[in-house]
K.L.:
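Before we start, here is the structure in question, set down as structure tokens.
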Amino acid sequence: MDRYNFKITEEKWQKLWEEKKVFSTKVDKNKKKFYCLEMFPYPSGKIHMGHVRNYTIGDVLARYKTLQGYNVLHPMGWDSFGMPAENAARQNNLDPKTWTESNIKTMRSQLKKLGLSIDWDKEISTCSEDYYKHQQNFFLDLYDKGLVYRKENYVNWDPVDETVLANEQVVDGKGWRSGATVERKKLNQWFFNISKFSEDLLQGLDALENWPNKVKIMQKNWIGKSFGCEVEFKIESEKPIESIKCYTTRPDTLFGFSFLALSVDHPLAKYYEEDKEFQKFTEECSKTGTTEESIASAEKLGFKTDLVAINPLDKNMKVPVYFANFVLMDYGLGAVFGCPAHDQRDLDFAKKYNLKITPVVKPEKDKDFEINNEAYTGEGYLYNSNFLDGLKVPSESIIKTIELLEKNNLGTKKTNYRLKDWGISRQRYWGCPIPMAYDENDQPIKIPRDMLPVKLPEIEKLSNTGNPLDSEDSWKFFNLDGKKYRRETDTLDTFVDSSWYFLRFCSPHNLDRGFTQEEIDYWMPVDQYIGGVEHAILHLLYSRFFMQALSFQNEKFKLKEPFDGLFTQGMVCHETYKDKDNKWLSPEEISTNDGENYFKKIDTTEKITVGPIESMSKSKKNAVDPENIINNYGADSVRLFILSDSPPEKDVQWSDQGMVASYKFLQKLWLLNSKILEKIETDKSSFTNETLSKFTNQLIYKITQNLEKFHYNVIIANLHEMYNFLIKEIEKPMKTEILVENYKKILIAMIPFIPHFANECLTKINKNPIQWPVILKGELIEESINFVIQINGKKRALLKVKNNISEEDLLKEIQENKDTEELIKKQKIVKTIFVSNRLINIII
RNA sequence: GCCCUCGUGGUGAAAUUGGUAGACACAACGGACUUAAAAUCCGUGCCUUUUUGGAGUGCCAGUUCGAGUCUGGCCGAGGGCACCA
């Protein structure tokens with residue numbers, strides 16, 4: 001029996017797809033479009049299993065939609081600006097461009113070996129001038145609309161990468177890439193005014209029905225809308241300070257007011273800058289780390305001022321004003337009113353400085369209510385609150401108090417958002433140059449559009465510290481109209497690059513514009529976007545913002561949401577191994593005989609500790625190289641494995657046995673194929689085969705349903721069932737046409753999963769046009785059904801009866817059948833529950 | 001602390017959305033073939049003495065003729081946010 005030679009077959013089909021440009025698409029208004037996009041990769045060197053999974057999932061969908069007759073856009077590109085290139089260039093003494101381009105070459109050929117249905121003619125790379133030229137244009141567009149501004153601000157400074165990070169890029173107080181503890185630094189930075197669209201970005205989430213709820217909730221929390229009011233507190237002081245405004249979501253607790261606290265960065269701090277004690281205090285505050293634990297456990301510290309704040313609702317209520325370490329300048333107004341009874345932080349602070357604690361909210365039922373070590377934040381009624389007494393908390397109290405404050409000009413209703421503007425300046429060489437310059441007075445000017453792109457200068461050797469562009473004087477300074485200018489040397493955050501690349505795919509080669517309206521009107525939005533959940537906030541929120549920004553003051557551009565459907569796939573995981581010195585070992589370095597005890601290959605006496613199953617990573621050495629696997633087993637087998645067993649949205653564990661099993665399954669399918677071909681040659685009988693037709697139709701139905709729901713793992717199981725059924729069924733004599741017709745449908749249904757194999761088999765039986773098989777609804781109905789007979793809710797028997805049997809007929813059958821009649825013999829039937837074509841429950 | 005998701009065999013998981021729990025596969029064990037091994041094929045899998053029996057989807061309760069699925073409470077795991085006023 002011949003074995004399936006994946007090497008020859010896969011090469012043959014990949015060559016054919018490439019030469020005939022099978023996946024090349026263009027705008028065709030007569031056809032329904034489908035834009036299938038997977039998050040484009042960073043060209044880090046080689047592809048990893050995560051890529052294999054991501055692009056296989058996308059490819060299944062793209063091929064399925066193509067077979068259904070859609071005009072499918074399925075492109076690929078490179079997120080090719082970024083720090084790894086710069087770091088690698090320094091280490092290896094070459095320039096980032098060379099490094100990046102060689103990586104792209106490697107990874108492109110690796111991806112092609114996976115047999116993806118990608119339109120490679122539309123390939124783009126964000127580090128090419130053709131790409132970032134348009135990005136600079138968009139930057140100027142946004143600048144003209146007032147959506148870009150420059151300000152001096154405290155920034156998250158990564159001391160290892162020597163660059164600024166966005167808030168989104170700081171994880172647990174550490175840089176998301178370097179892992180270094182982030183410092184606070186004051187710098188002049190460019191910002192995108194993303195907070196202007198807080199409400200639109202929040203509202204827009206509701207319409208995204210095909211997004212995972214989880215991602216929408218994460219974005220919602222990140223935007224962090226809160227409702228409250230700004231309250232003005234009159235101040236008694238010798239200094240020229242008349243009042244301080246605070247933002248609060250709980251104005252109803254104003255009668256529990258016992259102090260007012262300011263951030264050390266509050267404008268009023270200027271009156272205390274000379275004060276030695278205050279200087280000491282601010283120094284103390286800056287020592288507090290930014291990590292999770294240090295924030296949670298940090299002691300509440302305050303610096304008492306000589307100011308006295310007056311409760312706007314009670315002129316006789318006068319409280320001290322503090323600077324406090326727990327008040328943030330960049331949320332609200334950098335000032336809070338303290339109500340210790342009903343806010344934990346305020347309570348901690350009040351206890352430390354012996355401030356008054358007046359409870360003003362009482363839970364309905366608790367008569368002996370008092371505040372000890374825990375602030376009460378629950379529901380109840382107001383008391384100790386003069387004219388507010390008795391209001392229901394929170395349903396009445398907050399609104400009523402705000403109304404009252406507004407009426408007396410003491411405060412204003414206010415909605416607040418946690419989302420802050422997006423700092424986009426990076427002190428890096430390998431990024432898109434910001435198309436701005438400064439005149440002799442340090443005033444920013446735009447680079448004229450006809451001078452775009454501002455190209456990155458070619459630098460032979462990158463400086464070891466700081467931003468290389470800073471020391472590139474011949475690039476940095478230029479003359480225009482007889483005046484001397486200094487270029488902006490910061491480059492754009494690479495998340496800007498990925499905020500619009502999906503638009504570029506629609507017009508990838510247009511030199512004049514980033515995209516044409518006609519092309520994005522046809523292709524956009526992306527119908528299905530597929531990628532890792534780690535981009536739930538960063539990339540996905542930025543891309544949504546970019547659409548808002550492009551459509552702002554622009555009648556033609558109406559696209560508000562770039563991604564109609566979103567699917568977040570799980571990670572590829574593997575066991576981890578450590579030797580006796582606690583060093584990570586790769587799977588290739590170890591061996592086992594029984595699957596339980598592992599040893600070092602080079603020293604078989606040394607036992608290995610098997611660690612937890614974690615997502616594949618270089619640092620833990622638990623990654624499996626896709627290239628080896630593809631060479632050993634073929635792309636179809638890898639695709640099969642990566643799709644089996646685990647649902648795409650969940651993590652999958654790499655297993656060598658699983659990989660081998662998928663390979664074997666493909667061999668079995670090849671065997672089946674050979675048998676079928678032989679049968680077509682030899683079987684001259686004229687029997688029809690209804691069972692086969694019904695089975696096939698049922699199978700196509702199941703596969704179609706599961707495709708729509710991304711239940712790809714179930715489809716692989718369906719294919720196993722298909723094999724188990726067919727290998728027996730073809731033993732029966734049957735008409736050739738019946739077999740061919742059904743087998744062809746099955747093969748077509750396999751194309752999305754194992755495209756090389758399925759196409760190869762198809763050419764051997766039929767050359768007719770290939771399209772997704774039509775499901776015959778009528779055929780789905782079985783003639784006879786295994787009817788479940790329940791007595792008092794318990795399954796007692798299965799009865800084979802004809803389809804659509806009525807309750808009366810069924811009961812008759814039960815009485816006539818010798819196995820079932822005993823169950824109800826001589827019993828009085830109280831009640832029956834009849835579910836058509838499924839079960840009957842007889843209560844006796 | 002707040003928010004979200006998930007708990008089904010030794011393992012990864014299915015379950016027509018309230019209707020036969022464990023499809024399909026991995027691993028294990030037993031058998032067939034073989035001089036032998038590999039490969040391949042067949043079978044087994046909780047409890048009870050056989051069965052056309054019983055229990056059983058993290059735990060406890062509830063709704064229902066019927067619950068893995070719905071409701072409430074608890075326990076456990078994972079993820080997100082976090083001095084956000």
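Convention: sequence-line order gives letters A, B, ...; per-chain numbering from 1.
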K.L.:
Using the closest heavy atom to pick a nucleotide of RNA chain B for each, name whichever of A:Tyr417 or A:Lys795 lands nearer the 5' end.
P.N.:
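On the 5' side of the pair lies A:Lys795.
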
K.L.:
Are A:Tyr247 and B:A85 close enough that a side-chain N or O sits under 4.0 Å from OP1 or OP2?
P.N.:
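For B:A85, neither OP1 nor OP2 has a side-chain N or O of A:Tyr247 closer than 4.0 Å.
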
K.L.:
Is there a side-chain contact between A:His342 and the phosphate of B:A85, meaning an N or O under 4.0 Å from OP1 or OP2?
P.N.:
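Answer is no, no contact under 4.0 Å.
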
K.L.:
Classify the glycosidic conformation of B:G76 as syn or anti, calling it syn when the angle lies within 90° of 0.
P.N.:
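B:G76: anti glycosidic orientation.
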
K.L.:
Ring-plane angle category for A:His535 and A:His539, please: parallel below 30°, perpendicular beyond 60°, tilted otherwise.
P.N.:
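Aromatic pair A:His535/A:His539 classed perpendicular.
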
K.L.:
Looking only at the side chain of A:Arg418 (C-beta and beyond, no hydrogens), which of the listed nucleotides B:C41, B:C84, B:C83 gets closest?
P.N.:
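The listed nucleotide nearest to A:Arg418's side chain is B:C84.
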
K.L.:
How would you label the contact of A:Lys702 with the nucleic acid (heavy atoms, under 4.0 Å): base, sugar-phosphate, or nothing?
P.N.:
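Here A:Lys702 touches no strand at all.
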
K.L.:
Which whole number of Å gives the distance between the P atom of B:U51 and that of B:U44?
P.N.:
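One P to the other, the span is 13 Å.
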
K.L.:
Send over the distance from A:Arg345 CZ to B:C84 P, rounded to a whole Å.
P.N.:
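Computing the A:Arg345:CZ to B:C84:P distance gives 4 Å.
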
K.L.:
State which residue, out of A:Asp343, A:Ile398, A:Thr401, A:Val360, fulfils the side-chain contact (heavy atoms from CB on, under 4.5 Å) condition with A:Arg250.
P.N.:
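Single side-chain contact (heavy atoms from CB on, under 4.5 Å) partner of A:Arg250 among A:Asp343, A:Ile398, A:Thr401, A:Val360: A:Ile398.
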
K.L.:
What is the pairing partner of B:U40, taking Watson-Crick or G-U wobble pairs with both distances under 3.5 Å in any strand?
P.N.:
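Base-paired to B:A32.
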
K.L.:
For A:Val327, answer base if it contacts any base atom (sugar-phosphate contacts may also be present), sugar-phosphate if it contacts only those atoms, and nothing otherwise; contact means non-hydrogen atoms under 4.0 Å.
P.N.:
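Result for A:Val327 = base.
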
K.L.:
Go through the steps for A:Tyr712 and A:Phe710 under the test ring-ring contact (aromatic ring centres under 6.0 Å, His included), then give the verdict.
P.N.:
CA-CA 5 Å; A:Tyr712 296 167; A:Phe710 281 100; 5.5 Å; yes

K.L.:
Quick one: which of B:A13, B:A15, B:A55 gets closest to the side chain of A:Pro647?
P.N.:
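Nearest to the side chain of A:Pro647 among the choices is B:A13.
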
K.L.:
Looking only at the side chain of A:Asn786 (C-beta and beyond, no hydrogens), which of the listed nucleotides B:A85, B:A14, B:U20 gets closest?
P.N.:
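When the side chain of A:Asn786 is considered, B:U20 is the closest of B:A85, B:A14, B:U20.
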
K.L.:
If you assign A:Lys709 and A:Arg796 each to the RNA chain B nucleotide with the nearest heavy atom, which residue ends up on the more 5' nucleotide?
P.N.:
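It is A:Lys709, whose closest nucleotide lies nearer the 5' terminus.
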
K.L.:
Report the distance from atom CG of A:Asp645 to atom P of B:C26, rounded to the nearest whole Å.
P.N.:
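Nearest whole value for this atom pair: 9 Å.
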
K.L.:
Can you say whether a donor on the side chain of A:Lys220 sits under 3.5 Å from an acceptor on the base of B:C3, or the other way round?
P.N.:
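Looking at the base of B:C3, it does not pair with any donor or acceptor on the side chain of A:Lys220 (distance under 3.5 Å).
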
K.L.:
Expressed in angstrom and rounded to an integer, what is the separation of A:Ile537 atom CD1 from B:C4 atom P?
P.N.:
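Taking CD1 of A:Ile537 and P of B:C4, I get 16 Å after rounding.
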
K.L.:
List, with names and distances, any nitrogen or oxygen atoms from the protein found under 3.5 Å away from nitrogen or oxygen atoms belonging to nucleotides 65-71 of chain B.
P.N.:
{"from": "B:C65", "atom 1": "O2'", "to": "A:Asn841", "atom 2": "ND2", "distance (Å)": "3.3"}
{"from": "B:C65", "atom 1": "O2", "to": "A:Asn841", "atom 2": "ND2", "distance (Å)": "2.5"}

K.L.:
Can you find a donor-acceptor pair, distance only, under 3.5 Å between A:Arg838 side chain and B:U20 base?
P.N.:
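Absent.
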
K.L.:
With heavy atoms under 4.0 Å as the rule, sort A:Lys668 into base, sugar-phosphate or nothing.
P.N.:
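Touches sugar-phosphate only.
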
K.L.:
In whole angstrom, what separates A:Lys420's NZ from B:C81's P?
P.N.:
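Rounded to whole Å, this separation is 13 Å.
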
K.L.:
Looking at every strand, decide which applies to A:Asn724 at a 4.0 Å heavy-atom threshold: base, sugar-phosphate, or nothing.
P.N.:
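Answer is sugar-phosphate: A:Asn724 comes under 4.0 Å of backbone atoms only.
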
K.L.:
Between B:G9 and B:A28, how many Å separate the two C1' atoms, rounded to a whole number?
P.N.:
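Per the computed distance, 13 Å lies between those C1' atoms.
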
K.L.:
Using 30° and 60° as the class limits, which term best fits the ring planes of A:Phe257 and A:Phe233: parallel, tilted or perpendicular?
P.N.:
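Tilted, since the angle between the ring planes falls between 30° and 60°.
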
K.L.:
For B:G56, what is the paired nucleotide under Watson-Crick or G-U wobble rules, both distances under 3.5 Å?
P.N.:
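No nucleotide pairs with B:G56.
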
K.L.:
So which nucleotide does B:U5 pair with, by the Watson-Crick or G-U wobble rule with both distances under 3.5 Å?
P.N.:
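Pair assignment: B:U5 / B:A77.
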
K.L.:
Determine whether more than 12 heavy atoms belonging to other residues, nucleotides or ligands lie under 6.0 Å from atom NZ of A:Lys413.
P.N.:
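Atom NZ in A:Lys413 is not packed in, count stays at 12 or less.
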
K.L.:
Please determine, for the side chain of A:Thr249, which listed nucleotide (B:C3, B:A85, B:C24) has the closest atom?
P.N.:
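That would be B:A85.
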
K.L.:
Within the pair A:Lys664 and B:C26, is there a side-chain N or O less than 4.0 Å away from OP1 or OP2?
P.N.:
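So the side-chain polar atoms of A:Lys664 never come under 4.0 Å of the phosphate oxygens OP1 or OP2 of B:C26.
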
K.L.:
Answer yes or no: are there more than 12 heavy-atom neighbours, outside A:Asn373 itself, under 6.0 Å from its atom CG?
P.N.:
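Counting neighbours around CG of A:Asn373, 12 or fewer heavy atoms of other residues, nucleotides or ligands fall under 6.0 Å, so no.
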
K.L.:
When syn is taken as a glycosidic angle within 90 degrees of 0, is B:U17 syn or anti?
P.N.:
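The base of B:U17 is oriented syn (glycosidic angle within 90° of 0).
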
K.L.:
In the strands shown, is B:G62 matched to any nucleotide by a Watson-Crick or G-U wobble pair with both distances under 3.5 Å, and which?
P.N.:
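B:C70 is the nucleotide pairing with B:G62.
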
K.L.:
By the 4.0 Å heavy-atom rule, please label A:Glu721 as base, sugar-phosphate, or nothing.
P.N.:
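Sugar-phosphate, no base atom in range.
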
K.L.:
Is A:Arg3 close enough and on-axis enough to A:Trp670, meaning under 6.0 Å and within 45°, for cation-pi?
P.N.:
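The answer is no, since A:Arg3 fails at least one limit relative to A:Trp670.
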
K.L.:
Show your working on ring-ring contact (aromatic ring centres under 6.0 Å, His included) between A:His266 and A:Phe323 and close with a plain yes or no.
P.N.:
CA-CA 9 Å; A:His266 194 275; A:Phe323 283 99; 7.4 Å; no

K.L.:
Can a side chain N or O of A:Lys650 be found less than 4.0 Å away from OP1 or OP2 on B:G12?
P.N.:
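No, outside the criterion.
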
K.L.:
According to the interplanar angle, ranging from 0 to 90°, do the rings of A:Phe259 and A:Phe349 count as parallel (below 30°), tilted (30 to 60°) or perpendicular (above 60°)?
P.N.:
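Because their plane-to-plane angle lies in the 30° to 60° range, the rings of A:Phe259 and A:Phe349 count as tilted.
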
K.L.:
Could you please name the partner base of B:A25, counting Watson-Crick and G-U wobble pairs only when both distances are under 3.5 Å?
P.N.:
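B:U11 is the nucleotide pairing with B:A25.
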
K.L.:
Does B:U5 have its OP1 or OP2 closer than 4.0 Å to a side-chain nitrogen or oxygen of A:Asn213?
P.N.:
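So the side chain of A:Asn213 is outside the cut-off, no N or O lying under 4.0 Å from OP1 or OP2 of B:U5.
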
